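The structure under discussion appears below in the form of structure tokens.
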There are 2 protein chains.
Amino acid sequence: MDALDRQIIAALRENGRATYADLGRKVGLSASAVHERVGKLEATGVITGYHAVVDPSSVGLGVTALISIHPTDTADDDEVAVALGELVEVESCYRVAGDESFIVKVRVATVDELERTLGRLRRIQGVARTRTTVVLSTRFEGRPNTAGVGPDA
Amino acid sequence: MDALDRQIIAALRENGRATYADLGRKVGLSASAVHERVGKLEATGVITGYHAVVDPSSVGLGVTALISIHPTDTADDDEVAVALGELVEVESCYRVAGDESFIVKVRVATVDELERTLGRLRRIQGVARTRTTVVLSTRFEGRPNTAGVGPDA
DNA sequence: GTTGAAATCATAAAGAC
DNA sequence: GTCTTTATGATTTCAAC
């Protein structure tokens, strides 16, 4: 992982569909060289995937909420995590330090559906209590943090 | 936006580097047709971008935290949001309902840097108090929610 | 929507630094 | 080892239909 790799990574975080030729022009390498570098970054798990980002409301998911999940005394965190993973509306799942055991981000169509999702969450074995914070607006999300991937890092 | 568009969107959320030819084979259209559809989805703001997902630790960002930001009585939320956006370590920023005004996700290299980030956050005009929850592990993150984009939606 | 054609790109093999 | 060049097939992209 050298400065060139970091430049390539930064470019692919900006535009995940950039062609190898594009990337090569940007960093001053041939497309082949970039291709090989990206392949290695993928193989070593540095780049884990490429995803299109979709406007949630456009696909009928206008309600976002952040939910703290408090465990029961006897909760098995791994089991809870698996159960959380089975709910498609749970988009992200973080195991955290503190009172709660997990914080999850859910996206649903309506507050009605949010209510149903909360019901499903509470029915999971090991979940004692949830605390829901409704997102009013997303200022930005998943923004590339260039602190670690800049060309001069 | 028809079922074909939704299938294409779902496929691009799975693999943002899928070729138009691939997508065409998957949904039963020519590459040209897919190309045109995707162009329209981009132009209308349904698809907002494509991003490589990078393993945070691999780029020296091993510490993730979720931070609640409590406003002062006279806080201007828009100004606070702008100030939050200026910190590169703030990866996501949600305006929320409830006691706090924002919840942000930050990624930094070390807990030392987290401490410095908290200092920067507290120094923002309009920020009264922060509450930090450290992420121990990310079970999954930004997972495609197929509820709204499935072929049979 | 499709097909067809030209430009561009991906990809692997070859050899040069 | 990494890069460039080279070469071929696939893909993109824009016509015209």
Side-chain angles (χ1 to χ4, degrees), chain A residues 1-55 57-60 142 144-153, chain B residues 1-61 142 144 146 148-153:
Chain A
M1 265 264 274
D2 59 8
L4 254 40
D5 282 330
R6 283 187 284 268
Q7 279 186 266
I8 292 168
I9 289 169
L12 282 172
R13 293 193 71 173
E14 274 289 326
N15 175 15
R17 279 183 84 78
T19 66
Y20 296 125
D22 279 337
L23 297 169
R25 280 186 284 269
K26 185 168 285 186
V27 306
L29 286 179
S30 69
S32 301
V34 174
H35 182 245
E36 193 176 347
R37 277 171 178 264
V38 172
K40 282 178 184 171
L41 289 170
E42 291 168 357
T44 56
V46 176
I47 296 176
T48 59
Y50 305 87
H51 302 288
V53 178
V54 173
D55 172 48
S57 341
S58 297
V59 293
N145 177 342
T146 51
V149 293
D152 53 332
Chain B
M1 264 264 275
D2 58 9
L4 255 41
D5 281 331
R6 283 187 284 270
Q7 280 186 265
I8 291 168
I9 289 170
L12 282 172
R13 293 193 72 174
E14 274 289 328
N15 176 15
R17 280 183 83 78
T19 66
Y20 297 125
D22 279 338
L23 297 169
R25 280 185 285 268
K26 186 168 286 188
V27 305
L29 287 178
S30 67
S32 302
V34 174
H35 181 240
E36 192 177 348
R37 278 171 178 263
V38 172
K40 282 178 185 168
L41 290 170
E42 290 168 358
T44 56
V46 177
I47 295 176
T48 59
Y50 305 88
H51 301 290
V53 178
V54 174
D55 172 48
S57 342
S58 295
V59 294
L61 296 171
T146 51
V149 294
D152 53 330

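Not measured: the values here are computed from a predicted model.
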Within the structure shown, what part of the strands sits under 4.0 Å from B:A21 by heavy-atom distance: base, sugar-phosphate, or nothing?
-> sugar-phosphate

Within the structure shown, what part of the strands sits under 4.0 Å from B:S30 by heavy-atom distance: base, sugar-phosphate, or nothing?
->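 Answer is base: heavy atoms of B:S30 come under 4.0 Å of a base.
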
Report the distance from atom [atom1] of [X] to atom [atom2] of [N], rounded to the nearest whole Å.
X: A:R25; N: D:dC3; atom1: CZ; atom2: P; answer: 18 Å
X: B:Y20; N: C:dA10; atom1: OH; atom2: C1'; answer: 15 Å
X: B:E42; N: D:dT12; atom1: CD; atom2: P; answer: 12 Å
X: A:L29; N: C:dT11; atom1: CG; atom2: P; answer: 17 Å
X: B:E36; N: C:dT3; atom1: CD; atom2: C1'; answer: 14 Å
X: A:M1; N: D:dT2; atom1: CE; atom2: C1'; answer: 17 Å
X: B:L23; N: D:dA10; atom1: CG; atom2: P; answer: 18 Å
X: B:D2; N: C:dG1; atom1: CG; atom2: C1'; answer: 12 Å

Closest nucleotide among C:dT11, D:dT11, D:dT12 to the B:A31 side chain =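 Nucleotide nearest to B:A31's side chain: D:dT12.
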
Of the nucleotides C:dT2, D:dC3, D:dT11, which one has an atom closest to the side chain of A:R37?
-> D:dC3

Answer yes or no: is there a side-chain heavy-atom contact under 4.5 Å between B:V53 and A:H51?
-> yes

Any side-chain heavy-atom pair from A:L12 and A:Y50 closer than 4.5 angstrom?
-> yes

Tabulate protein N/O versus nucleotide N/O from nucleotides 14-17 of chain D, keeping only pairs under 3.5 Å, one per line.
unit_1, atom_1, unit_2, atom_2, d
D:dC14, N4, B:S32, OG, 2.9

Minimum heavy-atom distance B:P144-B:E14, with the two atoms named =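 Taking every non-hydrogen atom into account, CG-OE2, 4.5 Å.
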
Supply the atom-to-atom distance [X] [atom1] to [Y] [atom2], rounded to the nearest 0.5 angstrom.
X: A:I9; Y: B:S58; atom1: CD1; atom2: OG; value: 8.0 Å
X: A:N145; Y: B:L61; atom1: CG; atom2: CG; value: 5.0 Å
X: B:I8; Y: B:R13; atom1: CD1; atom2: CZ; value: 15.0 Å

Could you go through residues 16-32 of chain B and list every donor-acceptor pair under 3.5 Å that involves a side-chain atom there, pairing it with any protein atom two or more places apart or in another chain?
unit_1, atom_1, unit_2, atom_2, d
B:R17, NH1, A:G16, O, 2.7
B:R17, NH1, A:A18, O, 2.9
B:R17, NH2, A:A18, O, 3.0
B:T19, OG1, B:D22, N, 2.9
B:T19, OG1, B:D22, OD2, 3.2
B:D22, OD1, B:R25, NH2, 2.9
B:S30, OG, B:A33, N, 3.2

When you measure from the side chain of A:T48 to the backbone N and O of B:D55, does any donor-acceptor pair fall under 3.5 Å?
-> no

When B:D5 is tested against each of B:V46, B:V34, B:L41 for side chain to side chain contact (heavy atoms under 4.5 Å, CB included), which residue passes?
->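 Output: one option passes, namely B:L41.
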
The correct list of stems in which DNA chain D takes part (3 or more consecutive Watson-Crick or G-U pairs, distances under 3.5 Å) is C:1-13 with D:5-17, C:15-17 with D:1-3

Distance test, side-chain N/O of A:R17 to OP1/OP2 of C:dA10, below 4.0 Å =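 No, outside the criterion.
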
